[in-house]
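Heads up: the structure comes next, in C-alpha cells.
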There are 2 protein chains.
Amino acid sequence: MKIGIVGVYQTKFGELWNQSLQDLIKEAIFGCLKDGQVQPKDIQSAYIGNMLASDGTGQKHLGSVVSQILGLSIPTVRVEAACASGGLALHQAVQSIKSGENETALVIGAEKMTDIDSYDISQALMAASEVEEFDIGLTFPGLYALMAKSYIQKYQLKEKELAGVAVKNHHHAQFNPKAQFRFPVTIDQVLNSPKVADPLKMLDCSPVSDGAAAVFIASSSWVKKNMARNGVYLSGSSIGSDSISLSQRDSFTQLKATQQAAAKAYSQSGIEVKDINCVEVHDCFSIAEIIALEDLGLYPKGEGFHHLTKEETWLGGKRPVNTSGGLKACGHPVGATGIKQIVEATQQLRRESTNRQVEGAQVAVTHNVGGSGGTAVVHVITR
Amino acid sequence: MKIGIVGVYQTKFGELWNQSLQDLIKEAIFGCLKDGQVQPKDIQSAYIGNMLASDGTGQKHLGSVVSQILGLSIPTVRVEAACASGGLALHQAVQSIKSGENETALVIGAEKMTDIDSYDISQALMAASEVEEFDIGLTFPGLYALMAKSYIQKYQLKEKELAGVAVKNHHHAQFNPKAQFRFPVTIDQVLNSPKVADPLKMLDCSPVSDGAAAVFIASSSWVKKNMARNGVYLSGSSIGSDSISLSQRDSFTQLKATQQAAAKAYSQSGIEVKDINCVEVHDCFSIAEIIALEDLGLYPKGEGFHHLTKEETWLGGKRPVNTSGGLKACGHPVGATGIKQIVEATQQLRRESTNRQVEGAQVAVTHNVGGSGGTAVVHVITR
C-alpha cells in the first residue's frame, strides 16, 4: 500500500474566538487544496474527525456540512473516536482508496472547544471514557493520573523527570508559528504549576484548543498522473483498540492499542523502528508521551523517560519527538490532532519545517490515541 | 462486489426502560453471532453507528465500548451521520472488506433515546441539521413540513393521501413482533391526531425509540469457507450527500443524495428497478416515504403517493414497502434504523419473515437518510 499525500494544511491552534467550527473547517479545506494544487472537483470523497461539535453548537452530521462547504455531492463521512477521531478518519479514507471505491479523499480534523464552558468541557471529555468511570467521579486527567501513579511505582519515575516532557514540547513549539503556546517552560515551572490530578500538574496537561487540519490523499496511480511535486507517501495506516475502561486492562503502564497499531503499521510499510527519523506522539498528558515512546518500540519498557534529552528526543537529537510542540504546546483541538500530526510529519519529510526541520528525515511516525487508550491509530509516512 | 450477510439480529424496538445503551448493544451483538453461527474470534473488525449517546449518558467513543463487550482488541470504529449512522457504518465496513484489510466485520446500529428528556430530544435531533436552521427556531419535523408543503403545492397531494403512509406501515407492523406499535391506524385517526408542524400530524411522524440491530458480513471467500446456510448477499452499497441546509438545495421535493446513492448501488449490483421485490425506505415522516419511492426510481416524480395501495406497496402487493412497519410503526432508534432495514431485508430474502413474508423475494433495497437529506445510504441485498 502506497498512498500519496498530495496536500496538507493546519490552521493556527489556540483560543480562536473569531472563528466558528465551520470557519475552521473551511480554512483547513481550502488551505489544503491550495497546498496540494488541486481543485474541489478532484475530491472524490471526504472524511471528517470530530468529537465535540454536539457539545458546542449542538451540531452533528458534519459530513453533510463538508458537502455544503465544498458544494459537492460526494460521499462524506464523520468518524468519532474521542481524541483519535482525526487519525481514525484518515484510516477510513485510506481504506476507501484501497477498496477502489475512490481514488482521492480529503480528510479533515476539526474541533472548537472554547465555545463549551469550562465545567461542561471536563464532562464532555469524559465522553471518551467508560460511563462507570464517569459516574464514580473520575475526570479525564484523573485517568491519566492513575496511569502516572502506576508508572511511578513500577519504574521509579520522578516527578521532575516527568516534567521533562512539557519542557521539551514547549521548547519545540517556539519554532512552530501554528502552535498555541510559543514560549519555553522550565522544570520548576512545571513542578510549581497547580495540581490537576496528583501527580499531574497544569503544565503536564494539554490545553483546551480550537483548530483544524486537513490532508488530501490519493492512490498512487492518481498521484502519478496528477501530482506536480515530489511525493510523500502514507505507507502504513493501522488502528488498535482496547477496553474503554481502565479497570478492564491488564496493565496501566502500557497501551495495548498502541502496540498493536504500531506493529501492523510498521509491517505494512516494511520499516523497522531504527528507520524512524521523527515522531509525533499523543502527549495529552506528560505520562502519555513516555508510555507512547515505549509502546511504539522506540525505547524499552520503563526507560522512555531517560531519553527526554537534547541528544535523543529534542530537536537536533537522534530522533526528535513532537517537533510540532505536541498536544501540550502546539495545542489539542481533539478531533484535529490526528491530522495535525500528519501535517507536521509531511512537512518534515518535504523539508518545509524551516527552523524546526529534522535534517534528512526519511521516515516519520504519527500516533493518535482516543480516551485512555481505547483506540490508537498509527501512521507511517515515508518519502 | 459480493459480500455475504452471515448473521443478523434486531432487538425489540420501543420504550425499553430496563435496558441501557450498552445492554442493547450487547443483545444485538450476541444475537447476531448466534444467528450467524459464528464466534467472537471470527470478528476481524467492528463498526457502530450511533447519533445520540453523548446526549444520553454522556458517552462517546463507542468503538472502544464494543471492543470491551467483545473482549477483543480488533479495529473498532464509530460512524455518525445523524439518522443515517447505521447505514453509513455498514458502508464503511463494506469498504474495509473490499480493501482487503479485513475479511469479516460486525456492524451495529444502536440508540437509547428515552433517556433524553422530551425537550432535549427535540434539540438533539436538530443536530442533524444546519446550525442556522436551528438558530431561527426550525425543528426537525418543521424541516420535513417544509418539504411536505412544497410537495403538496407542486403535485396536489391531499393530506388524506399523505396519511396513507402511516396507515400502511402500521398495518405491516402488526405482523412484526419486534415493532414498537403493533396496531392499525385509520386515515381519520392520522388526520385527527395533534398537529406537530403543519401539514404533519403526530401520526405522520416516527416515534422516539430505543433499540439496536446488528449484521455480520464477510468476504465471499470467507463465506465459501465458513458459512453453513444458503447465503444472502450485499451486492450494492453506496452513499450520497447534499448540503446540510435545505436553503442550499435546488428542490424541496427530491433528495439528490438518495438519487445518487441509488443509481450507484443499482449499478454496482447490476440490478434494474424492475428487479426489486421489496424495499425498506426511510419514512421518518410520511412525506419522506413518498419522496423516497420516487427518488429510488420506483415511481415517477409526483406520483409516489398514488401507489399506497393494497395492489402496490402493501404486503401482498406488487412490491411491498416497509414490511417491518418502517420507521413510523416499527420505531426509529436513529442509529439502529439503517441496520434494522438490513435485518428485515435479509430475513425476507431468507424466507424467515413468517406472516409478513414477501413471496419469492429475490432482490431487496434499503434506504437510510441522515437529517433532511444531507446523507443517504442505499444497499441492495440479493439471494
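Chain A is the first sequence line, chain B the second, and so forth, proteins listed ahead of strands; every chain is numbered from 1.
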Evaluate the side-chain proximity of M113(B) to I121(B): yes if any heavy-atom separation is below 4.5 Å, no if none is.
yes
Chain B contacts, top residue of G58(A), S20(A), A84(A), A46(A) (heavy-atom pairs, under 4.5 Å)
G58(A)
I'd like to check the salt bridge (Lys or Arg N to Asp or Glu O under 4.0 Å) partners of E111(A); sequence neighbours left out, ordered by chain and number.
none
May I ask you to name which of S241(A), P75(A), S67(A) has the most heavy-atom pairs under 4.5 Å with chain B?
S241(A)
Which atoms form the tightest heavy-atom contact between P141(B) and F285(B), and what is the distance?
CA-CZ, 3.6 Å
Which pair of heavy atoms, one from L296(A) and one from A262(A), lies closest together, and at what distance?
CD2-CB, 3.9 Å
Modelled atom types, side-chain donor and acceptor of H61(B) and T375(A), under 3.5 Å
yes
Test item: V65(A) and I69(A) side chains (from C-beta on) under 4.5 Å apart, heavy atoms
yes
Is it the backbone or the side chain of S245(A) that comes under 4.5 Å from a heavy atom of chain B, or both, or neither?
both
Between K264(A), H91(A), K60(A), Q92(A), which shows the greatest number of heavy-atom pairs under 4.5 Å with chain B?
K60(A)
Which of residues 246-257 of chain B get closer than 4.5 angstrom to chain A, counting heavy atoms alone?
Q248(B), K256(B)
Answer yes or no: is there a side-chain heavy-atom contact under 4.5 Å between L16(B) and D23(B)?
no
Do you know which of V77(A), V377(A), L21(A) has the most heavy-atom pairs under 4.5 Å to chain B?
V77(A)
Please determine, among S64(A), A124(A), S243(A), the option with the most heavy-atom pairs under 4.5 Å with chain B.
S64(A)
Residues S99(A), S99(B); criterion side-chain hydrogen bond (donor to acceptor under 3.5 Å, both in side chains); working and verdict:
CA-CA 4 Å; S99(A) 78; S99(B) 77; over 6 Å; no
Side-chain donor-acceptor pair under 3.5 Å between E130(B) and Q22(A), yes or no?
yes
Heavy-atom cut-off 4.5 Å, strictly under: side chain, backbone, both or neither for T76(A) against chain B?
both
Qualifying salt bridge (Lys or Arg N to Asp or Glu O under 4.0 Å) pairs, either residue in residues 81-93 of chain B, two or more places apart
none
Could you walk me through whether N50(A) and S85(A) pass the side chain to side chain contact (heavy atoms under 4.5 Å, CB included) check?
CA-CA 6 Å; N50(A) 170 275; S85(A) 299; 5.8 Å; no
Given the options S129(B), A89(B), G63(B), which has more heavy-atom pairs under 4.5 Å with chain A than any of the others?
S129(B)
Go through the atoms of L72(A) and report whether side chain, backbone, both or neither lie under 4.5 Å from a heavy atom of chain B.
backbone
Most heavy-atom pairs under 4.5 angstrom with chain A, which of D135(B), V131(B), V79(B)?
V131(B)
Would you please go through residues 100-110 of chain B and name the residues with a non-hydrogen atom below 4.5 Å from one of chain A, in numerical order?
E101(B), N102(B)
Portion of D55(B) that has a non-hydrogen atom of chain A nearer than 4.5 angstrom
side chain
Taking all non-hydrogen atoms of both residues into account, name the closest pair between A128(A) and F140(A) and its distance.
CB-CE1, 4.1 Å
Below 4.5 Å, heavy atoms only, C-beta onward: do Y47(B) and L88(B) meet side chain to side chain?
no
Select, from M126(B), Q59(B), Q260(B), the one with the greatest count of heavy-atom pairs under 4.5 Å involving chain A.
Q59(B)
Derivation of the side-chain hydrogen bond (donor to acceptor under 3.5 Å, both in side chains) call for H282(B) and T337(B):
CA-CA 8 Å; H282(B) 197 92; T337(B) 285; 5.9 Å; no
Heavy-atom distance under 4.5 Å between the side chains of S269(B) and Y233(B), does that happen here?
no
Which atoms of Q123(A) come close to chain B, meaning under 4.5 Å heavy atom to heavy atom: side chain ones, backbone ones, both, or neither?
neither
Between T57(A), I74(A), I97(A), the one whose heavy-atom pairs under 4.5 Å with chain B are most numerous:
I74(A)
So that I can tick it off, tell me whether R78(B) and E80(A) are bridged by a salt bridge, with the cut-off set at under 4.0 angstrom between side-chain N and carboxylate O.
yes
